[in-house]
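All chains are named by letter (A, B, ...) in the order of the sequence lines, taking the proteins before the strands, and each is independently numbered beginning at 1.
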Protein chains: 2
Amino acid sequence: MEKTTCCEPVCCSPLSPVDAESLAIRLKALADPTRLRLFSIVASGEEQCACDLTDPLGVSQPTVSHHLKTLTEAGLLRREQRGKWAYFSVNKDALAELSAVLDPSVLSGI
Amino acid sequence: MEKTTCCEPVCCSPLSPVDAESLAIRLKALADPTRLRLFSIVASGEEQCACDLTDPLGVSQPTVSHHLKTLTEAGLLRREQRGKWAYFSVNKDALAELSAVLDPSVLSGI
DNA sequence: CTTTCATATCGATAACCGTCGATACGAAAG
DNA sequence: CTTTCGTATCGACGGTTATCGATATGAAAG
């Protein structure tokens, strides 16, 4: 049976080195100002073409492509190719999982 | 009136460069395997003495001290000195804020 | 005062990362 | 086939960072 989350909430018990490594990869993917803006732009719409993401960010096309790859490999974005265009959308499950892992409401006294 | 969160959820609207920068600082503080394990150890107890954190992590004392400083400066940990010992505890509000910013449940269709 | 011990800081090193221009790839259009 | 255009990859450069040993700081103990 599949696990529905990557690991226990960070508040419950010490993370194993393996869980910490995989969680860090996903957090690292978001822990950059340019990638955060890129991600939030994609998340704000239904689906975004890569061609529309260079201008609002003010970085070069290779840089956008690089960041999109990082976010996609971390599982936070989904990529779909249509013709010569690449469309990206948010993987809500992965984001919800990340949010849940950080949720401190499981701690006593909150 | 004070804002209760640093910024809008990443799913709602494009982050401003300033908001992205400040959010990235806090995410970056957690986006390291060693710091994640360190943080989860502190979060698992009521309060942790720095002297008890070196052994379970398997890194040197200066490295632990460095990571504790990073997490504290990001607002995720609180530090209290008692005698020659330093005690650390989780700032639940900061963690809850981080969790809320990533929460995708505001998106339609979830 | 001197010693001991917990913690922080310093300086160095190696690895990692964000960014770019140049270029390759691949699909549609002419 | 050739051109055009969107995207990905490459190679390089500069800045950041995780880690360590050595050392400084500062507080309690002797």
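In this structure, B/Arg82 reaches neither bases nor backbone, as no heavy-atom distance under 4.0 Å exists between it and the strands shown.
Smallest separation of non-hydrogen atoms from B/Arg26 and B/Ala74: CG-O, 3.4 Å. The heavy-atom pair separating B/Leu30 from B/Leu36 by the smallest distance is O-CG, 3.0 Å. Taking every heavy atom of both residues into account, B/Asn91 and B/Gly75 meet most closely at ND2-O, 3.0 Å.
Summary for the helix from C/dC1-D/dG30 to C/dG30-D/dC1: the axes at its two ends, each from 5 pairs, differ by 20° when rounded to the nearest 10 degrees.
Contact annotation: A/Thr34 side-chain N/O to C/dT19 OP1/OP2 distance is under 4.0 Å.
Rounded to a whole Å, the NZ atom of A/Lys28 is 9 Å from the P atom of C/dG18. Rounded to a whole Å, the CG atom of B/Leu53 is 8 Å from the P atom of C/dT7. If you take NZ of A/Lys69 and C1' of C/dC25, they are 14 Å apart, rounded to a whole angstrom. For B/His67 and C/dT9, the NE2 to P distance is 15 Å, given to the nearest whole Å. Rounded to whole Å, atom C1' of C/dG18 lies 13 Å from atom CG of A/Leu38. Regarding B/Gln81, its CD atom lies at a distance of 18 Å from the P atom of C/dC5, rounded to whole Å. A straight line from CG of A/Leu36 to P of C/dG18 spans 11 Å, rounded to a whole angstrom. Going from atom CD of B/Glu21 over to atom P of C/dG18 covers 13 Å, rounded to whole Å.
Remark: A/Cys49 pairs with A/Cys51, A/Asp52, A/Trp85, A/Tyr87 by the side-chain contact (heavy atoms from CB on, under 4.5 Å) rule, at least two apart or across chains. Looking at residues two or more places apart in sequence or on another chain, you find no salt bridge (charged side-chain N to carboxylate O under 4.0 Å, His left out) involving A/Glu73.
Note on B/Phe39: it does not cluster hydrophobically with A/Ile25, by side-chain heavy-atom contacts below 4.5 Å among ILVMFWY residues.
Taking every nucleotide of DNA chain D with any atom under 4.0 Å from a non-hydrogen atom of chain B, the first and last of them, 5' to 3', are D/dT17 to D/dA28.
Judged purely by atom type and a 3.5 angstrom limit, A/Gln61 has no side-chain atom pairing as donor or acceptor with the backbone of A/Thr63.
Taken to the nearest 0.5 Å, the CD atom of B/Glu97 stands 12.0 Å off from the CG atom of A/Leu102.
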Distance-only criterion, 3.5 Å: show the donor-acceptor pairs between side-chain atoms of residues 65-72 of chain B and protein atoms not counting sequence neighbours.
unit_1  : atom_1 : unit_2  : atom_2 : d
B/His67 : ND1    : B/Arg35 : NH1    : 3.1
B/Thr70 : OG1    : B/His66 : O      : 3.1
B/Thr72 : OG1    : B/Leu68 : O      : 2.7

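Less than 4.0 Å separates DNA chain D from at least one heavy atom of each of the following residues of residues 56-65 of chain B: B/Val59, B/Ser60, B/Pro62, B/Thr63.
Comparing A/His66 and A/Lys84 along DNA chain C, the residue whose closest nucleotide (by nearest heavy atom) sits nearer the 5' end is A/His66.
Using a 4.0 Å cut-off between charged side-chain N and carboxylate O, A/Glu80 and A/Arg82 make a salt bridge.
Side-chain contact check for B/Ser44 and A/Ser13: no donor-acceptor pair (N or O, by modelled atom type) lies under 3.5 Å.
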